[in-house]
Structure formats: C-alpha cells, structure tokens
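A short write-up of the structure that comes next.
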Amino acid sequence: MLRFYNTMTRKKEVFKPLKKGKVQMYSCGLTVYDYAHLGNLRAYVFVDLLKRWLEYRGFHVNHVMNFTDVDDKTIKGMQKEGTTLKQYTRKYITAFLTDLETLNVNKAQIMPKATAHIREMVELIKILMEKSLGYKGSDGSIYYDISKFEDYGKLSKMKIEELKAGARVKVDEYGKDQASDFALWKAWSPADGEVFWDTPLGKGRPGWSIECSAMSMKYLGETLDIHTGGVDNIFPHHENEIAQSEAITGKKFVNYWLHNEHLLIKGRRMGKSLKNFHTLKDLLRMNYSPMAIRFFLLSTQYRKQFSFNFEGLEAAENALQRFYSFLDRLENVGGCEVGEDITELIYTIEKDFEEAMDDDLDISRALAAVFNLVKEVNSHIDKKLLDPRGAEQVKNLMVKINKALGILDHFWSRKKEKLSKEAEDLIKKREEARSAGDWKKADYIRNKLREIGIILEDTPEGVKWRIEKQSI
RNA sequence: GCCGGGGUGGCCGAACGGUUCAGGCGGCAGCCUGCAGAGCUGCUCUAUAUGGGUUCAAUUCCCAUCCCCGGCUCCA
C-alpha cells in the first residue's frame with residue numbers, strides 16, 4: 001500500500017490518484033539566477049525518486065516542473081551583467097539541465113518558463129479581481145487580499161492574525177493594505193529597467209506564486225494529485241498558490257503536498273545567502289563520481305534534514321563500489337552447475353524493498369534490503385551455491401530495483417571500457433612473472449598499473465582488472 | 001515570541017510497545033590469497049539526550065528539562 005506524508009494533513013496517507021493509473025504532478029522548479037547547489041539538487045533527486053517509484057508501481061506520471069525566470073534576483077543579476085533577462089536565465093537553465101543529466105535525473109515532460117505564460121497569469125489575476133480578491137494598491141501593483149480567503153494558512157498552519165502581529169513582517173513599505181497580502185502583479189518601477197510586460201493590468205511583471213497557479217492549471221488541470229517543493233516553499237509560496245487556485249476554480253488545488261527537507265552543512269542549511277554551498281561542478285572537479293553524489297543525496301529519506309560532508313560522500317562512493325563489484329561478480333559466476341534455489345530469497349528481498357519504498361519512500365530501509373541481498377548472494381557464491389540461473393534471477397532483481405534508484409545504469413552501459421595496449425601488455429608480463437614466482441616484479445607491475453588507475457585482482461578464475469573511481 | 005521537525009554505537013542512518021536495537025561507511029581480527037584486493041565470519045566496551053510517569057513490557061506512549069535544525073522574509 002503506497003503511502004505518502006501529506007503536509008496538508010501532517011499524516012501519512014494512502015496514495016490514490018484522481019484517475020486510476022495516472023498521476024498529475026507539479027514540482028516547483030528553480031529560480032534561475034545562479035548555478036544550482038547540492039541543496040537545490042537534493043530536491044530534484046527526491047522528485048526523481050518519487051516519480052520513478054510511482055512508475056515502478058505502474059502509474060503513468062504526467063510531470064510538470066517550472067522555471068522561475070523573472071523575479072527580483074534575476075533582474076538584478078541580469079543588470080549586473082549588462083545582458084538581457086533571456087540570455088541571463090538561459091545560462092542557468094542550461095547549466096541546471098546539465099546537472100540533472102549528470103545526476104541521472106529524468107526530466108519532467110513539460111518544463112515551462114514563467115515568462116512564457118504572462119498571458120495565462122494575467123487571465124487568472126483578472127478573475128481574482130472580478131471576484132474582488134485582488135485589489136490595486138496605491139503603488140499600482142495588484143495584491144491578493146488574504147483576509148477574503150477563509151482557508152488562508154491551512155497548509156502552513158499559520159494564523160493570519162499572527163502573521164500580522166509577527167515581529168519580522170516588514171512594515172508596509174509598498175502600497176498594500178495588509179503587510180501579509182502578497183503581490184499578484186508588480187507594477188513597473190525604474191529599478192526593473194527593461195523588464196516589463198504591457199498588459200491590461202498595467203505595465204509590470206508577475207508576482208512569484210501566480211506562475212505556478214497558471215502553469216499547473218494549464219498543463220495539469222484544476223486539481224493536482226501531487227505537488228512537490230522544498231519545505232521553505234510551504235509558506236508563503238504554496239499557501240499563496242492555494243489561495244489563488246482555489247479561489248479561482250472553487251476546487252481543491254492539490255491532494256498530496258510533498259515537501260523535502262533541507263540539506264545541511266556544518267549544522268546549517270546549505271544556501272546561497274550563507275555562502276556555504278557546493279555546486280555539482282565543484283564536486284566533480286574534486287573527482288567525486290556523479291553516481292556517488294546521486295547515491296549520497298538519495299540515501300537519506302527526503303523528509304529528513306541531513307548533513308553534507310565529505311566523509312559521507314566517501315562512504316557513498318564506497319557503498320556504490322560494493323554494488324559494482326557485486327554485479328561484476330554476478331556476471332562471472334561459474335563452477336557450480338546446480339546451485340541452491342534462491343527464489344525465496346529473491347522474493348523476500350523484493351518484498352522488503354517495496355514495502356519500505358511504499359512507506360513514504362523509506363529509502364534507508366529499502367537500501368538495507370538491497371545490501372542484505374548482496375551479502376546473502378555473495379555468501380552463496382563463496383560457498384559455490386549459486387548457479388547461472390540463480391545469478392540471472394539476482395541480476396533481474398537488481399535491474400528492477402535500479403529502475404527506481406537509477407544508480408547502476410552506467411554499470412551496464414559502461415562495458416565498452418577497454419584497456420590500453422600498454423596496460424594489456426603489462427598485465428600479460430605480470431602473469432608471466434607470477435607463474436615464474438617472481439613476486440617482486442609482479443607487485444611492481446601491479447603498483448604501476450594502480451598509479452594509472454587500474455586495479456588488479458587475482459581470483460581463482462584468473463586475473464581481473466577494474467578502473468578505479470570509474471567516472472560513472 | 002509563535003509554529004514545525006529532531007536528538008540512536010567512531011560516523012551516517014532504520015525500527016507495528018515485546019524474540020539478539022536493520023543496513024551502510026570506517027576500524028580490528030580470522031578465513032581465503034605468494035602478497036594485495038574482493039568476498040565471507042566475528043568483534044567495535046552498558047548505542048536509544050536527561051529526569052520522571054503509564055505498562056507485565058518503552059527507542060517507541062505521556063509530562064518536564066536541556067540541546068540542535070528549520071519556517072514565520074526572496075530561498076529547494
């Protein structure tokens with residue numbers, strides 16, 4: 001039984017989509033004013049896992065993830081570089097898409113940009129004004145009057161009165177009636193320079209949250225099955241989306257709200273403002289492999305804060321290596337014609353894995369099941385109890401599990417890796433030295449190969465080689 | 001101040017109130033190996049923040065205290 005923790009109800013709920021077998025899912029994407037850091041990427045690795053798991057369970061997922069390509073920060077950044085908004089944001093969009101590819105994150109079918117949906121947003125704002133939920137402030141901007149939306153605060157469990165009283169709510173420096181009202185449409189100001197749209201609402205640009213209301217409605221309909229985002233989006237962004245969408249349609253906006261927790265570094269949230277972040281590129285430059293980084297980001301359940309550190313990354317690298325050695329071993333089982341029947345083991349592991357994942361993507365528990373499989377099967381191989389048919393069964397399960405995890409793809413596609421002629425010759429020479437009992441020479445050659453990243457292992461079936469820190 | 005989440009072995013991280021508290025990483029030892037690597041086995045002191053309570057039984061429920069993180073402002 002697939003269950004997710006719904007931020008709205010603060011409970012785990014059995015997942016049931018509106019239409020059988022189909023999931024309409026919207027993910028808040030990135031504001032593209034800078035390169036994504038690992039904290040950002042965690043959010044998208046989580047979404048990827050979620051989507052993969054839904055697909056594993058047989059759902060067809062219709063997934064939309066937006067780009068916020070106009071806001072204060074993008075405008076500021078663009079001006080600083082003396083370029084256009086489009087050029088400025090394109091750079092970061094491209095970089096972000098590359099990051100996703102590197103981390104083996106499957107892209108959403110639709111990745112709309114806010115700036116390409118101004119018309120849709122204007123339409124929605126007009127409806128809100130007709131319903132007198134929106135009003136024009138003294139500065140010409142249009143605001144949402146949250147006091148008119150009864151349910152305001154239902155997602156974040158905040159009370160409007162407390163918002164008003166909150167010590168940190170800015171004094172009303174704009175033209176809105178209440179400090180807690182939020183902008184649907186921001187009137188042009190000289191600081192915006194070239195960035196504005198001439199619309200029936202006036203010259204200006206959209207507020208932040210209206211884009212998600214507009215784009216989700218356009219591509220997915222009035223009620224979504226799942227909406228994801230970081231916990232920092234709960235208030236005010238998602239609260240505002242609800243207020244907009246539900247006021248407009250009169251229908252429930254989202255059935256399941258899923259929010260991922262933050263990645264921490266040295267006990268604090270990884271973020272741009274604290275300048276305590278690492279980008280994917282930084283880590284790749286330090287020679288960490290993309291799949292280890294994916295595994296690292298994946299290996300803690302999405303609702304838990306967890307800390308980035310290099311030890312953890314190293315551990316992920318090693319854990320992954322364990323999988324690789326295991327798969328390697330599986331493909332070379334021999335010396336056992338009729339082994340033990342492992343059907344039951346396979347079944348148990350599969351069940352453990354699936355039950356854990358079904359339980360709000362409890363990945364740690366799920367991975368424990370996979371590691372148990374590795375251990376059990378390794379033990380079988382050691383005792384020569386695994387026959388080729390059993391190996392095939394295990395491999396099939398690993399392939400299936402990997403559809404959800406997406407960490408082993410490169411292992412199977414990597415096969416093209418070949419040794420250089422020099423390395424091959426060296427291995428041959430070492431074999432000759434070994435059979436002659438010349439250990440000194442054999443070890444010398446082995447060390448030499450190691451220096452160029454080739455690791456040799458002597459096994460009963462002969463010498464084997466592997467590339468250290470495979471770039472996978 | 002208000003509202004959330006959390007404190008489990010060297011590190012990371014699971015756990016319907018109940019057989020020895022998963023699993024990973026690291027370290028040590030043994031088996032295997034010419035050695036190494038991989039793998040397996042075992043160990044890593046009384047591991048569940050503290051103090052009470054409920055219960056036959058509590059990591060798990062309740063209360064109090066201490067500490068950490070987050071949201072209340074643009075932010076994945």
Side-chain angles (χ1 to χ4, degrees), chain A residues 7 10 27-31 33-34 36-47 68 71-73 76 153 156-159 161-163 165-170 179-180 208 228-237 239 259-264 267-274 295-296 299-307 309 311-322 324-326 328-329 352 356 359 362-372 374-383 434 437-440 442-443 446-447 450 455-460 463-464 466:
Chain A
T7 308
R10 306 283 155 110
S27 299
C28 275
L30 204 64
T31 303
Y33 68 99
D34 200 353
H37 60 254
L38 268 200
N40 296 315
L41 292 170
R42 180 192 187 190
Y44 304 108
V45 169
F46 149 61
V47 171
T68 300
D71 79 320
D72 291 356
K73 284 185 177 166
K76 222 173 264 171
S156 54
K157 315 292 176 215
M158 294 211 267
K159 298 195 171 64
E161 312 85 68
E162 280 168 7
L163 286 178
R168 297 176 67 192
V169 173
K170 263 190 225 144
S180 45
W208 175 34
T228 72
V231 287
D232 48 293
N233 283 147
I234 295 172
F235 187 89
H237 185 48
E239 202 68 74
H259 291 99
N260 63 276
E261 256 298 347
H262 291 308
L263 185 65
L264 308 182
R268 307 214 58 100
R269 169 180 173 188
M270 183 181 283
K272 299 263 161 69
S273 46
L274 284 172
F295 184 81
F296 173 74
S299 54
T300 296
Q301 203 243 6
Y302 73 96
R303 273 195 305 117
K304 283 223 141 189
Q305 295 177 338
F306 87 110
S307 293
N309 53 52
E311 293 75 36
L313 217 47
E314 209 67 53
E317 198 89 57
N318 292 337
L320 205 55
Q321 192 58 55
R322 187 167 155 87
Y324 294 151
S325 316
F326 177 63
D328 224 15
R329 229 179 152 199
D352 287 351
D359 185 10
D362 193 347
I363 188 86
S364 308
R365 219 165 87 213
L367 285 172
V370 185
F371 279 111
N372 281 332
V374 172
K375 191 183 224 174
E376 283 294 324
V377 173
N378 265 326
S379 172
H380 271 70
I381 297 175
D382 277 1
K383 294 178 196 151
R434 284 187 73 216
D438 187 352
W439 309 125
K440 212 171 162 189
D443 291 350
R446 186 168 63 192
N447 285 335
R450 169 141 218 160
I455 295 176
L456 293 189
E457 290 173 10
D458 300 319
T459 74
V463 64
K464 280 187 186 160
R466 65 182 164 92

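In what follows, every heavy atom counts, from backbone to side chain, and hydrogens, waters and symmetry copies are set aside.
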- Query: Would you say Tyr44(A)'s side chain and Gly29(A)'s backbone share a donor-acceptor pair under 3.5 angstrom?
  - Reply: yes
- Query: Looking for any heavy atom pair under 4.0 Å, which part of the strands does Phe46(A) touch: base, sugar-phosphate only, or nothing?
  - Reply: nothing
- Tell me: CG of Asn447(A) to P of G37(B), nearest whole Å? 12 Å
- Using a 4.0 Å heavy-atom cut-off across all strands, classify Gly312(A) as base, sugar-phosphate, or nothing. nothing
- Query: Which whole-number value in Å describes the distance from Ile234(A) CD1 to G71(B) P?
  - Reply: 10 Å
- Query: Counting side-chain heavy atoms from CB outward, which of A76(B), C40(B), G13(B) is closest to Asp232(A)?
  - Reply: A76(B)
- Message: I'd like to compare against my own output: the B/S/- annotation of nucleotides 15-29 of chain B with a strict under-4.0 Å heavy-atom distance to protein.
- Response: S------BSSSS---
- Message: Under 4.0 Å, counting only non-hydrogen atoms across every strand here, what does Ile381(A) touch: a base, just sugar-phosphate, or nothing?
- Response: nothing
- Using the C1' atoms only, state how far U59(B) lies from G7(B), rounded to an integer number of Å. 12 Å
- Base, sugar-phosphate, or nothing: which does Asn40(A) touch, judged by heavy atoms less than 4.0 Å apart? base
- Task: For Arg42(A) and Asn260(A), test the side chains for any donor-to-acceptor distance below 3.5 angstrom and give the result as yes or no.
- Result: no
- Task: Describe the nucleic acid contact of Gly271(A) in one word from base, sugar-phosphate, nothing, applying a heavy-atom distance below 4.0 Å.
- Result: nothing
- Message: Using a 3.5 Å distance criterion without hydrogens, assess whether the side chain of Asn372(A) forms a donor-acceptor pair with backbone atoms of Ala368(A).
- Response: yes
- Message: Under 4.0 Å, counting only non-hydrogen atoms across every strand here, what does Asp443(A) touch: a base, just sugar-phosphate, or nothing?
- Response: base
- Task: Nearest whole angstrom, please: distance from the C1' of A76(B) to the CG of Asp34(A).
- Result: 14 Å
- Message: Quick check on the 6.0 Å ring-centre criterion: do Phe306(A) and Phe296(A) meet it?
- Response: yes
- Query: At under 4.0 Å between heavy atoms, what does Phe326(A) touch on the DNA or RNA strands: base, sugar-phosphate, or nothing?
  - Reply: nothing
- Do any side-chain nitrogens or oxygens of Thr31(A) fall under 4.0 Å of OP1 or OP2 in A76(B)? yes
- Item | Integer-rounded Å distance: A14(B) C1' and Arg303(A) CZ | 14 Å
- Item | Side chain of Asp382(A) (C-beta onward), nearest among G39(B), A14(B), G71(B) | G39(B)
- Under 4.0 Å between any heavy atoms, over every strand shown, what does Leu456(A) touch: base, sugar-phosphate, or nothing? Just pick one. base
- Query: G5(B) P sits how many Å from Leu264(A) CG, rounded?
  - Reply: 17 Å
- Query: Is any N or O donor-acceptor pair between the side chain of Arg268(A) and the base of C69(B) shorter than 3.5 Å?
  - Reply: no
- OP1 or OP2 of A36(B) under 4.0 Å from side-chain N/O of Arg450(A): no
- Message: What's the closest nucleotide to the side chain of Lys73(A) if the choices are C74(B), G71(B), G13(B)?
- Response: C74(B)
- Note on the structure: Against the side chain of Arg466(A), the closest entry in G37(B), G13(B), A76(B) is G37(B)
- Message: Base, sugar-phosphate or nothing for Lys383(A)? Non-hydrogen atoms, less than 4.0 Å.
- Response: nothing
- For Arg446(A), report the nucleic acid contact type (base, sugar-phosphate, nothing); a contact means any heavy atom under 4.0 Å. base
- Message: Applying a 4.0 Å non-hydrogen cut-off, can you work out what Thr459(A) is touching in the nucleic acid: base, sugar-phosphate, or nothing?
- Response: base
- Message: Is it the case that the base of C35(B) and the side chain of Asp458(A) share a donor-acceptor contact (distance under 3.5 Å, atom types as modelled)?
- Response: yes
- Query: Taking only side-chain nitrogens and oxygens of Lys272(A), does any of them come within less than 4.0 Å of OP1 or OP2 of A76(B)?
  - Reply: no
- Query: Rounded to the nearest Å, what distance is computed from the CD atom of residue Glu317(A) to the P atom of nucleotide C11(B)?
  - Reply: 23 Å
- Message: Below the 4.0 Å mark, does A76(B) have OP1 or OP2 next to a side-chain nitrogen or oxygen of Asn260(A)?
- Response: no
- Task: For A38(B) and C25(B), measure between their P atoms and round to the nearest Å.
- Result: 11 Å
- Message: Between the base of C3(B) and the side chain of Lys157(A), is one N or O donor paired with an acceptor at under 3.5 angstrom?
- Response: no
- Is Ser27(A) touching bases, backbone alone, or none of the nucleic acid, heavy atoms closer than 4.0 Å? nothing
